[in-house]
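Please read these numbers as outputs of a predicted model, since none were measured by experiment. One-based numbering, in listed order, for ligands and for the atoms of each.
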Amino acid sequence: MPITVTSPLLPDLGEFNSLLQEIWDSKWITNNGSFHKRLETALAEYLKVPYVSLFTNGTLPLLTALQALRITGEVITTPYSFVATTHAIWWNGCKPVFVDIDPATGNMDPDRIEAAITPKTTAIMPVHVYGKPCDTRRIQEIADKYGLKVIYDAAHAFGVEVNGESILNAGDMSTLSFHATKVFNTIEGGAMVMHDAETKKRIDFLKNFGFANEVEVVGPGINSKMDEIRSAYGLLNLKQVDAAIEARHQVAIRYREALRNVEGITFFDDMPGVRHNYSYFPIFVDGDKYGMTRDELYFKMKENGVLGRRYFYPLISTFSTYRGLPSATPENLPKAHRMADSVICLPMHHALSEEDVNKVISLIIKQ
Ligand SMILES: *Cc1c(COP(=O)(O)O)cnc(C)c1O
């Protein structure tokens with residue numbers, strides 16, 4: 001069996017069956033049922049945030065956040081992410097404006113934001129890539145100075161805290177993905193985090209076609225509700241997510257010990273004061289120093305049954321929809337290109353055995 005980059009955290013089937021029995025008995029399978037309510041409450045508590053609205057995936061809360069805040073014109077974002085970040089901007093009829101990243105974190109470089117602001121700019125959409133927190137204080141200062149909204153794509157940042165505070169409290173809204181490949185999953189699923197009850201109410205209307213009650217539609221809503229079955233599944237996974245994060249942490253410790261002195265291989269260390277979720281373990285290959293290019297190592301691993309992934313390669317700014325944008329040129333994004341061209345995300349999940357981890361390490365160490 002190949003060693004895959006991730007493996008879904010699955011609830012105990014017996015426990016899931018008894019929750020399914022409850023749902024079958026209630027005959028209430030979607031539309032803000034009791035498991036949906038319970039998961040929203042449990043997540044708000046676990047994540048240390050005031051309000052959570054569940055969604056059916058992690059892309060729809062991005063789309064809905066931009067709608068709800070009536071974002072128009074230009075949105076400043078990062079090319080170093082999963083493509084859904086930029087698609088959400090495009091689907092709202094806005095123009096993505098890419099700024100380069102800070103190689104120390106992989107996140108949008110706050111020093112480059114101001115130069116990208118024009119009279120048409122209305123929002124900033126940063127990503128906490130690999131779950132590494134953005135410099136949210138700096139970004140907020142810039143946003144306040146120019147009157148911009150900030151929407152964080154926090155799809156990788158489930159449970160990430162800085163000095164005991166959730167990173168999800170930054171900005172106007174943050175969005176999460178609960179896709180099967182993420183640290184916490186509901187198979188497909190997602191959420192939006194917001195600061196006040198009024199916004200939560202509005203988002204809850206918008207994700208249900210704009211219905212405020214049986215006869216009133218308050219806006220052009222969409223359907224992005226999570227159902228009862230996946231909400232129940234999520235409640236069970238929430239009980240085991242801390243153990244899963246700790247198992248990932250142990251894998252990260254092993255990788256770092258073994259790879260620290262390998263010439264031409266670098267990786268991120270933990271940041272002080274941050275509770276990381278170890279959602280990914282990216283390594284960066286310097287072909288000249290390592291003696292093998294990133295792709296040579298990637299394919300060698302693949303041939304040997306270790307399926308790393310080149311997240312995030314190619315850069316979003318190189319896809320056909322976006323490469324004609326003025327901000328999409330390689331000259332504007334040299335650091336993002338360098339990172340995309342050198343990255344391999346190593347297998348990282350809660351169920352990796354010591355043997356698996358040793359196999360990954362030995363493929364990298366022995367050339
Ligand atoms: C996974 C992911 C999404 C999309 O989430 P889905 O639940 O798959 O729709 C958005 N942004 C980033 C950065 C992601 O990694």
Side-chain angles (χ1 to χ4, degrees), residues 4-9 39 43 52-67 75-92 96 98-99 101 105-108 123-134 136 150-160 167-168 170-171 173-193 207 222-227 230-231 233-234 237 241 248 276-282 308-317 319 321-322 336 339-340 343 345 348-349:
T4 49
V5 74
T6 188
S7 174
L9 184 64
L39 183 57
L43 279 172
V52 170
S53 183
L54 288 173
F55 278 72
T56 197
N57 61 47
T59 302
L60 282 157
L62 284 170
L63 287 173
T64 308
L66 292 163
Q67 277 285 315
V75 179
I76 292 174
T77 190
T78 171
Y80 197 77
S81 178
F82 182 60
V83 71
T85 313
T86 311
H87 283 348
I89 296 168
W90 196 263
W91 269 65
N92 271 272
F98 297 113
V99 302
I101 58 166
T105 61
N107 290 327
M108 177 191 289
I124 310 174
M125 188 179 268
V127 180
H128 305 291
V129 79
Y130 307 130
K132 292 182 80 64
C134 290
T136 55
V150 185
I151 299 148
Y152 283 99
D153 180 344
H156 302 173
F158 185 89
V160 173
I167 194 74
L168 304 171
M173 291 166 179
S174 292
T175 67
L176 290 163
S177 166
F178 304 153
H179 184 256
T181 53
K182 307 298 207 268
V183 170
F184 170 81
N185 84 86
T186 59
I187 308 174
E188 295 272 355
M192 191 191 295
V193 170
K207 76 177 181 193
I222 196 160
N223 179 10
S224 41
K225 305 186 297 293
M226 184 181 282
D227 58 78
R230 286 183 292 146
S231 301
Y233 176 108
N237 259 353
V241 74
R248 288 166 173 272
H276 290 280
N277 64 7
Y278 307 98
S279 46
Y280 299 87
F281 196 90
R309 292 297 297 268
R310 289 168 291 180
Y311 295 143
F312 288 96
Y313 165 85
L315 286 182
I316 302 174
S317 50
F319 293 133
T321 315
Y322 304 118
M339 192 168 274
V343 69
C345 282
M348 169 53 84
H349 58 82

| What are the atoms of ligand 1, with element, lying closer than 4.0 Å to any heavy atom of G58? | 5 (O), 6 (P), 7 (O), 9 (O)

| said: Determine whether the aromatic ring centres of residues H349 and Y278 are separated by less than 6.0 angstrom. | reply: no

| In the protein, which heavy atom is nearest to atom 11 (N) of ligand 1, and how far is it? | D153 OD2, 2.7 Å

| request: Tell me whether the guanidinium CZ or amine NZ of K207 lies under 6.0 angstrom from the six-membered ring centre of F55 and within 45° of its axis. | output: yes

| What distance do N185 atom CG and S177 atom OG have between them, rounded to the nearest 0.5 Å? | 9.0 Å

| request: Have a look at ligand 1 and work out which part of N57, if any, has a heavy atom under 4.0 Å from it: side chain, backbone, both or neither. | output: both

| request: Kindly say whether the aromatic ring centers of F312 and H156 come within a distance under 6.0 Å. | output: yes

| query | Tell me, which protein residue and heavy-atom name are nearest atom 5 (O) of ligand 1, and how many Å apart are they? | reply | S177 OG, 3.2 Å

| Considering only the protein, which heavy-atom contact is closest to atom 4 (C) of ligand 1, and what is its distance? | T59 OG1, 3.6 Å

| Which part of E188 is near ligand 1, with near meaning a heavy atom under 4.0 Å away: side chain, backbone, both or neither? | neither

| Quick one: nearest non-hydrogen protein atom to atom 15 (O) of ligand 1, plus distance? | H156 NE2, 2.7 Å

| task | Indicate whether the side chain of Y322 and that of H87 have a donor and an acceptor atom separated by less than 3.5 Å. | result | yes

| Under 3.5 Å: donor-acceptor pair, side chain of R309, backbone of C345 | no

| said: Any atom of ligand 1 sitting under 4.0 Å from a heavy atom of G190? | reply: no

| Numbering the atoms of ligand 1 from 1, which are under 4.0 Å from a heavy atom of S81? | 13 (C)

| query | Which value, rounded to the nearest 0.5 Å, describes the distance between L60 atom CG and Q67 atom CD? | reply | 11.0 Å

| said: I'd like to check which ligand 1 atoms, numbered from 1 as shown, lie under 4.0 Å from a non-hydrogen atom of F82. | reply: 2 (C), 3 (C), 12 (C), 13 (C), 14 (C), 15 (O)

| message | With heavy-atom distances below 4.0 Å as the criterion, list the atoms of ligand 1 near G189. | response | 7 (O)

| said: Only heavy atoms of K182, strictly under 4.0 Å: list the atoms of ligand 1 that pass. | reply: 1 (C), 2 (C), 14 (C), 15 (O)

| said: Working to the nearest 0.5 angstrom, can you tell me the gap between M192 CE and S224 OG? | reply: 8.0 Å

